[in-house]
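Naming convention: chains lettered A, B, ... in sequence-line order (proteins, then strands); numbering from 1 in each chain.
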Amino acid sequence: MNLTLKVWRQKNASDKGKIVEYKVNDISPDCSFLEMIDILNNNLVELGDEPIAFDHDCREGICGMCSMFINGRPHGPSDEITTCQLHMRSFKDGDTIFIEPWRAEGFPVIKDLTVDRTAFDRIIEAGGYVSVNTGSAQDANNLPIPKIDADKAFDSATCIGCGACVAACKNASAMLFVSAKVSQLALLPQGQVERKQRVENMVAQMDEEGFGSCTNTGACEAECPKGISIENIARMNREYFSAKISSDNV
Amino acid sequence: MKLDSKIPKGPIDKKWSQYKSEVNLVNPANKRHIDVIVIGTGLAGASAAATMGELGYNVKAFCFQDSPRRAHSIAAQGGINAAKNYQNDGDSVYRLFYDTIKGGDYRSREGNVHRLAEVSRNIIDQCVAQGVPFAREYGGYLDNRSFGGVQVKRTFYAKGQTGQQLLLGAYSALARQIKQKTVTMYNRHEMLDVVIVDGKARGIIARNLITGEIERHSAHAVVLASGGYGNVFFLSTNAMGSNVTAAWKVHKKGAMFANPCYTQIHPTCLPRTGDYQSKLTLMSESLRNDGRVWVPKKKEDAVRLQKGEITAKEIKDEDRDFYLERRYPAFGNLVPRDVASRAAKERCDAGFGVNKTGEAVFLDFGYAIKRMGKDAVEAKYGNLFQMYEKIADENPYELPMKIYPAVHYTMGGLWVDYNLMTNVPGLYATGECNFSDHGANRLGASALMQGLADGYFVLPYTIGNYLADDIRTGAISTDSKEFDEAEANVKKTIDQLVNNKGTKSVDHFHKKLGNVMWEKCGMARNKEGLKSAIEEIQQIKKDFWADVLIPGTNEELNLELEKALRVADFIELGELMCRDALQREESCGGHFREEHQTEEGEALRNDDDFAFVGAWEYKGEGTEPELHKEELVYENVEMKQRSYK
């Protein structure tokens with residue numbers, strides 16, 4: 001396959017940035033999208049040019065590091081996959097492909113396609129955990145958990161923290177990400193003790209990071225590589241409401 | 001130098017409890033005056049940093065990724081072992097201990113492995129308390145499955161994402177400590193050297209990957225939890241960024257590197273397709289619970305498969321060779337990884353491979369679908385099947401998967417004693433980056449167990465024993481000649497790379513190295529090949545430093561520079577791996593020397609001459625490293641030829 005790439009290049013956080021065009025030729029359809037970028041970068045390096053900076057690590061769809069906005073969609077044209085799982089067979093010979101970074105106030109660009117997602121870490125630090133010190137746990141089977149709850153909690157817990165939900169949202173809202181963690185712990189008995197302050201603190205931190213509000217368009221769910229449902233957002237709204245009406249913080 | 005493993009005296013099942021009751025402690029008021037550095041935030045690093053933070057130490061944690069949650073533990077699929085015996089199927093601490101020693105082909109330490117089996121039970125309790133959503137049965141109790149090399153069901157799992165769920169549990173514990181300011185997190189930082197003051201590890205030199213700034217960080221102890229070195233092969237199941245640099249730098253500063261040749265080749269990975277390939281994807285070993293491995297019996301069928309003229313469906317049952325079930329009736333498709341990998345290679349080398357490269361075998365779920373129905377198969381393995389289809393573009397419910405072995409895990413690593421301390425005082429190594437628990441072959445679902453055992457339940461005790469002597473030391477200054485020197489060396493190397501202006505990219509050299517390693521120090525090794533590999537690697541090293549090209553500068557996010565610093569260390573490690581493989585004139589676990597096999601092609605150990613840990617001491621550039629031997633003593637398990645027949 002021969003392709004034309006239009007790639008966002010931005011030297012650093014303060015640079016204005018622009019789209020630059022590249023050609024890549026003789027790409028196998030079995031090649032992954034990131035391997036196609038590897039080929040381009042290798043060519044650039046051997047010409048002495050700077051390769052395109054992009055985040056990636058596990059290349060099997062689980063670490064959540066890769067983050068490309070491809071032809072107007074986070075992680076590209078296929079559903080429920082990350083950029084690293086996208087293969088060139090999803091494109092046609094002669095295609096022009098636009099590649100941009102995640103765009104959101106909460107995710108400032110560091111360089112080219114690399115953005116800063118530490119806002120997500122700070123949201124988790126605000127309450128995305130059960131406060132249990134190592135060593136103080138009881139036997140794991142002392143507390144049976146209905147399979148249906150455990151499975152639902154698992155579905156929420158599969159979030160990989162990539163930020164595609166924010167990138168997809170016209171408001172750059174982080175509700176899907178935050179609600180997935182709130183839901184996981186709200187569904188499990190271990191999460192009950194801190195249930196109220198968790199949702200209050202995590203939402204407060206989310207707002208502080210500059211993420212937008214949710215207007216229920218569902219773009220996040222449609223683009224989530226792990227198929228996290230917006231049911232989680234509904235659950236978080238319920239959690240938030242019931243926490244607030246009985247909160248000790250008001 | 002004598003290697004003292006410091007295994008406590010006494011009966012095997014009392015050693016750890018005895019140790020804990022006699023160990024030195026640091027009182028809570030003193031802990032806040034003690035700094036500990038942790039390198040890496042995978043299961044071993046995140047759990048250690050979080051636990052030491054809870055205890056009250058001042059922890060500084062480092063990772064090269066953009067968030068600690070990305071560490072490659074996240075990609076572990078199948079599960080985590082624990083001797084809970086919830087299934088009432090005869091499991092016990094002793095059995096987990098025994099299986100691990102046997103699975104490791106009698107090349108690990110009894111004392112360490114028994115401790116691992118003991119604390120395995122606490123890990124499950126801790127993770128459940130954190131809200132890790134393990135798989136459950138309808139009654140609400142935890143479910144288990146079976147893994148290779150084992151005849152009980154002791155593996156806890158969360159679909160095919162167990163590593164993810166455990167890591168997110170450890171990450172959340174870490175996040176809580178970051179919030180409480182007991183842990184300071186340094187994302188996008190890479191450790192480039194250790195600083196040794198008066199013979200003790202007292203800090204590190206790290207590069208801020210965004211600004212390129214070279215930073216000094218001091219501490220009373222340094223813990224490496226930096227993972228394995230499988231990427232020395234270029235293609236492996238490791239993440240792109242997984243590297244040996246932290247471990248290699250401390251090796252060059254005096255820490256011994258043990259058993260580097262023990263590499264685990266995982267039997268169930270997606271086969272390679274082309275030169276552009278950047279990594280190999282693992283399909284969980286749990287698939288072998290229900291999948292049957294086979295190749296055609298008749299060579300003409302194999303040839304037609306290779307040419308793409310027929311599919312698996314057109315080969316009748318009686319023309320299929322279920323070679324694992326044939327060779328190993330007792331364990332069948334669930335033989336340990338090293339055995340399964342070599343058996344696949346044997347069939348493919350004999351010409352029975354099933355894809356266009358001739359390097360693939362079938363993993364067939366047709367039988368499981370017939371037996372338990374498609375829905376049940378989907379419930380158990382759905383996400384793995386989906387992952388397979390995305391990469392291979394074939395539906396595994398319809399056609400068998402095609403799989404081939406790939407480099408997955410490295411059992412070798414930094415030599416540590418029972419305290420998990422290297423031979424450099426104050427320098428610890430935990431998780432995959434140490435050598436301690438898996439011998440010559442790791443059993444499935446034991447990596448997660450070891451990482452979390454070290455981080456949650458072992459290191460927090462053992463490090464206190466050392467730090468108890470440091471309560472009056474006070475803060476370690478970074479303004480010393482040792483820090484000056486280490487920083488100057490790091491800067492010199494970076495300057496050399498950035499100003500080299502050669503003609504080839506870093507990957508060019510990395511692929512060359514990987515090729516030599518795979519061909520000559522991979523699944524099967526021999527004397528001649530290893531000798532020539534050492535020469536070839538020395539040439540690659542010369543070429544790398546003469547001709548590597550790094551665009552850009554140090555003072556920015558520079559991915560090529562990051563890669564170059566890592567590959568420079570991989571090249572040196574590769575040579576040491578070949579030396580280790582060359583000296584070990586026997587076959588054991590993941591190390592298979594063609595000269596040493598039984599008539600049936602099984603690994604042939606030599607316990608008289610090689611029942612030792614081979615620990616290598618760095619002797620300086622251009623000088624051959626020196627081998628030190630730690631004898632392995634088996635007081636509780638009888639050394640036998642491993643049999644899974």
Could you tell me whether [X] atom [atom1] has more than 12 heavy atoms of other residues or ligands within 6.0 Å of it?
| X | atom1 | answer |
| --- | --- | --- |
| A:Leu143 | CG | yes |
| B:Lys356 | NZ | no |
| B:Gln180 | CD | yes |
| B:Lys159 | NZ | no |

Please report the shortest heavy-atom distance between [X] and [Y], naming the atom on each side.
| X | Y | answer |
| --- | --- | --- |
| B:Ser505 | A:Asn42 | OG-OD1, 2.6 Å |
| A:Ile160 | B:Arg69 | C-NH2, 3.3 Å |
| B:Ala129 | A:Ala137 | CB-CB, 3.7 Å |
| B:Leu142 | A:Ala140 | CD1-CB, 3.6 Å |
| B:Glu54 | A:Val132 | OE2-O, 3.9 Å |
| A:Ala150 | B:Arg136 | CB-CD, 3.7 Å |

Examine whether an atom of [X] lies under 4.5 Å from a heavy atom of chain B, and if so say whether it belongs to the side chain, the backbone or both; otherwise answer neither.
| X | result |
| --- | --- |
| A:Lys11 | side chain |
| A:Ile145 | both |
| A:Glu46 | both |
| A:Ile123 | neither |
| A:Asp38 | side chain |
| A:Leu86 | neither |
| A:Asp49 | backbone |
| A:Arg122 | neither |
| A:Thr114 | side chain |
| A:Ser90 | neither |

Should the pair [X]-[Y] be classified as a salt bridge under the 4.0 Å nitrogen-to-oxygen rule?
| X | Y | value |
| --- | --- | --- |
| B:Lys390 | A:Glu80 | no |
| A:Glu125 | B:Arg176 | no |
| B:Lys279 | A:Glu60 | yes |
| A:Asp139 | B:Lys84 | yes |

>> List the residues meeting side-chain hydrogen bond (donor to acceptor under 3.5 Å, both in side chains) with A:Arg235, not counting sequence neighbours, and say none if there are none.
In response: A:Ser183, A:Asn232

> Under the side-chain hydrogen bond (donor to acceptor under 3.5 Å, both in side chains) test, which residues partner A:Tyr22, sequence neighbours left out?
Replying inline: A:Arg9

>> So if I apply the side chain to side chain contact (heavy atoms under 4.5 Å, CB included) rule between A:Asp55 and each of B:Arg70, B:Gln65, B:Arg188, which one comes out positive?
In response: B:Arg188

>> Run the side-chain hydrogen bond (donor to acceptor under 3.5 Å, both in side chains) test on B:Ser278 and A:Arg59 for me, step by step, so that the C-alpha distance in whole Å, both residues' side-chain angles and the decisive distance to 0.1 Å come before the verdict.
In response: CA-CA 9 Å; B:Ser278 59; A:Arg59 296 210 176 184; 2.8 Å; yes

> Checking B:Ile210 against chain A: side chain, backbone, both or neither under 4.5 Å from a heavy atom?
Replying inline: side chain

> So what's closer than 4.5 Å to chain A heavy atoms on B:Tyr86: side chain, backbone, both or neither?
Replying inline: side chain

Side chains of [X] and [Y] in contact at under 4.5 Å (non-hydrogen atoms):
| X | Y | result |
| --- | --- | --- |
| A:Thr118 | B:Asp66 | no |
| B:Ile391 | A:His87 | yes |
| A:Lys111 | B:Glu556 | yes |

Could you measure the distance from the [atom1] atom of [X] to the [atom2] atom of [Y]? Nearest 0.5 Å is fine.
| X | Y | atom1 | atom2 | result |
| --- | --- | --- | --- | --- |
| B:Asp275 | A:Cys31 | CG | SG | 11.0 Å |
| B:Tyr141 | A:Asn142 | OH | CG | 8.5 Å |
| A:Thr134 | B:Asn122 | OG1 | CG | 10.5 Å |

> Hey, are A:Asp121 and B:Ser67 close enough side-chain-wise for a donor-acceptor pair under 3.5 Å?
Replying inline: yes

Is it the case that the side chain of [X] and the backbone of [Y] share a donor-acceptor pair, with hydrogens and angles ignored and the cut-off at 3.5 Å?
| X | Y | answer |
| --- | --- | --- |
| B:Tyr276 | A:Ile39 | no |
| A:Gln138 | B:Asp125 | no |
| B:Gln130 | A:Tyr129 | no |

> What do the steps show when you test A:Cys58 against B:His72 for side chain to side chain contact (heavy atoms under 4.5 Å, CB included), and what is the final call?
Replying inline: CA-CA 7 Å; A:Cys58 78; B:His72 199 54; 3.8 Å; yes

> Can you check side chain to side chain contact (heavy atoms under 4.5 Å, CB included) on A:Ile62 and B:Gln77, steps first, answer last?
Replying inline: CA-CA 10 Å; A:Ile62 195 75; B:Gln77 297 170 358; over 6 Å; no

